[in-house]
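The shown structure was predicted, so the numbers you read here are calculated from the model rather than taken from an experiment. Ligands are counted one by one from 1 in listed order, and the atoms in each one are counted from 1 as well.
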Amino acid sequence: MKYEKISAEALQEQINANVNIRIFECLDSTNTSAKHYAEDGMPEGGLIIALSQTGGKGRMGRSFYSPENCGIYFSLILRPKIPPEDISLITPVAAVAVAKAFEDIAKKSPKIKWVNDIFVNGKKVCGILSEAAFNVDGRAEYVILGIGLNLLEPKGGYPEDIKNIAGSLFSENEDFSPNEILAAVVNNFFEFYKALKSKAVLEEYQKRMMLIGERINYTQNKIENSATVQGIDQKFRIILKNENGDLIHLSSGEVTIGSKRITV
Ligand code: BTN
């Protein structure tokens, strides 16, 4: 890495929330590690960082490629005192936090692919995976917010299976500070997290959202349809308009940009 090393001191100085930082050269998965810390009672603000992961986890059971000298992989322990139905807002809000940091610090123009992937120049440069543990009374005991930032392209490029989709925020000849980027993501996140259901956060998301106004195909209950993307609603569901002019709100799923298709 030609940029400065991630350091707890530098981060502590720049993060204006109460965080408890643990940095590792390599972990299986920062989400798994953060879960152990949370189970052991670490309060909100636990920030587990790895410079590489051997078993980085992605959404829908996928893996997240996490080589050394390329990115930052981290998980934040949260103990939200919010209704269980609002827990799902944490990931899209984190997407806004990342996108804003990429704009303010890295001077890039990120786009959010619903629900929570960040794209720069048409390539995915960040993945977000939240995992929650619930009490018997149905409330969240803790949430692990895991974020993987692809900062630099691996030497020799990305593996064959992801090379068409994965990208990096910076090229080799750009200067940047990973501490500054990570601190900005965490600071932004805590700011938006305080106002999880605010109109402002929703607007911040929507103005960076990919595919707005575009016609896409989507599959619901195994039936294939096509519709135009309108935006998101207050629950961060995607709003589509079908050929009859009806509005459809889809609450989770996947948008594959290449084929412009959503599977719910
Ligand atoms: C996705 O794109 O499907 C989500 C990827 C999330 C990856 C991050 S990297 C840090 C944290 N630890 C993990 O094992 N996964 C998340």
Side-chain angles (χ1 to χ4, degrees), residues 6 11 19 21-39 42 45-78 87-99 101-102 110-120 122-133 142-154 158-159 161-169 178 181-183 185-186 189 208-210 236 252-258 262-264:
I6 283 285
L11 288 170
V19 286
I21 301 169
R22 303 289 156 97
I23 303 178
F24 300 87
E25 283 295 322
C26 182
L27 285 176
D28 170 33
S29 152
T30 57
N31 269 27
T32 307
S33 177
K35 242 181 261 178
H36 293 311
Y37 281 109
E39 294 287 347
M42 191 181 263
L47 177 57
I48 316 305
I49 303 168
L51 305 181
S52 64
Q53 297 181 117
T54 50
K57 293 189 284 182
R59 292 174 61 235
M60 302 179 194
R62 297 195 195 109
S63 60
F64 187 78
Y65 185 59
S66 318
E68 60 183 350
N69 298 335
C70 295
I72 313 171
Y73 317 99
F74 65 98
S75 301
L76 199 50
I77 297 173
L78 303 171
I87 296 291
S88 63
L89 305 182
I90 289 175
T91 11
V93 163
V96 181
V98 172
F102 286 179
K111 290 270 167 219
I112 304 173
K113 189 187 105 176
W114 183 77
V115 184
N116 52 25
D117 289 338
I118 311 289
F119 277 63
V120 171
K123 292 284 179 81
K124 175 171 165 175
V125 298
C126 167
I128 305 175
L129 174 71
S130 293
E131 299 181 272
Y142 60 82
V143 174
I144 306 299
L145 170 63
I147 302 182
L149 307 176
N150 296 345
L151 298 179
L152 282 174
E153 183 127 352
Y158 287 98
D161 57 330
I162 56 167
K163 75 168 193 218
N164 291 330
I165 184 151
S168 58
L169 190 58
I181 291 169
L182 178 44
V185 171
V186 174
F189 175 74
R208 298 175 176 91
M209 191 177 167
M210 276 168 110
F236 284 92
S252 71
E254 225 216 335
V255 184
T256 307
I257 302 305
I262 295 179
T263 311
V264 181

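The closest side-chain heavy-atom distance from Leu129 to Asn31 is below 4.5 Å. Using a 4.5 Å heavy-atom cutoff, the side chains of Val19 and Leu11 are not in contact. When side chains are defined from C-beta on, Phe24 does not count as touching Ile49, because their heavy atoms never get closer than 4.5 Å.
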Report each N/O pair between ligand 1 and the protein that falls under 3.5 Å, naming both atoms.
| from | atom 1 | to | atom 2 | distance (Å) |
| --- | --- | --- | --- | --- |
| ligand 1 | 2 (O) | Lys124 | NZ | 2.4 |
| ligand 1 | 3 (O) | Arg59 | N | 2.6 |
| ligand 1 | 12 (N) | Thr30 | OG1 | 3.0 |
| ligand 1 | 12 (N) | Gln53 | OE1 | 3.0 |
| ligand 1 | 14 (O) | Ser29 | OG | 2.7 |
| ligand 1 | 14 (O) | Lys57 | N | 2.7 |
| ligand 1 | 15 (N) | Lys57 | O | 2.8 |

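Under the ring pair (Phe, Tyr, Trp, His ring centres under 6.0 Å) criterion, Phe236 pairs with Tyr205, sequence neighbours left out. Evaluation of the side chain to side chain donor-acceptor pair (under 3.5 Å) rule for Ser130 yields no partner, not counting sequence neighbours. Under the rule for a side-chain contact (heavy atoms from CB on, under 4.5 Å), the partners of Ile162 that lie at least two apart in sequence or sit in another chain are Tyr65, Tyr158, Pro159, Ile165, Ala166.
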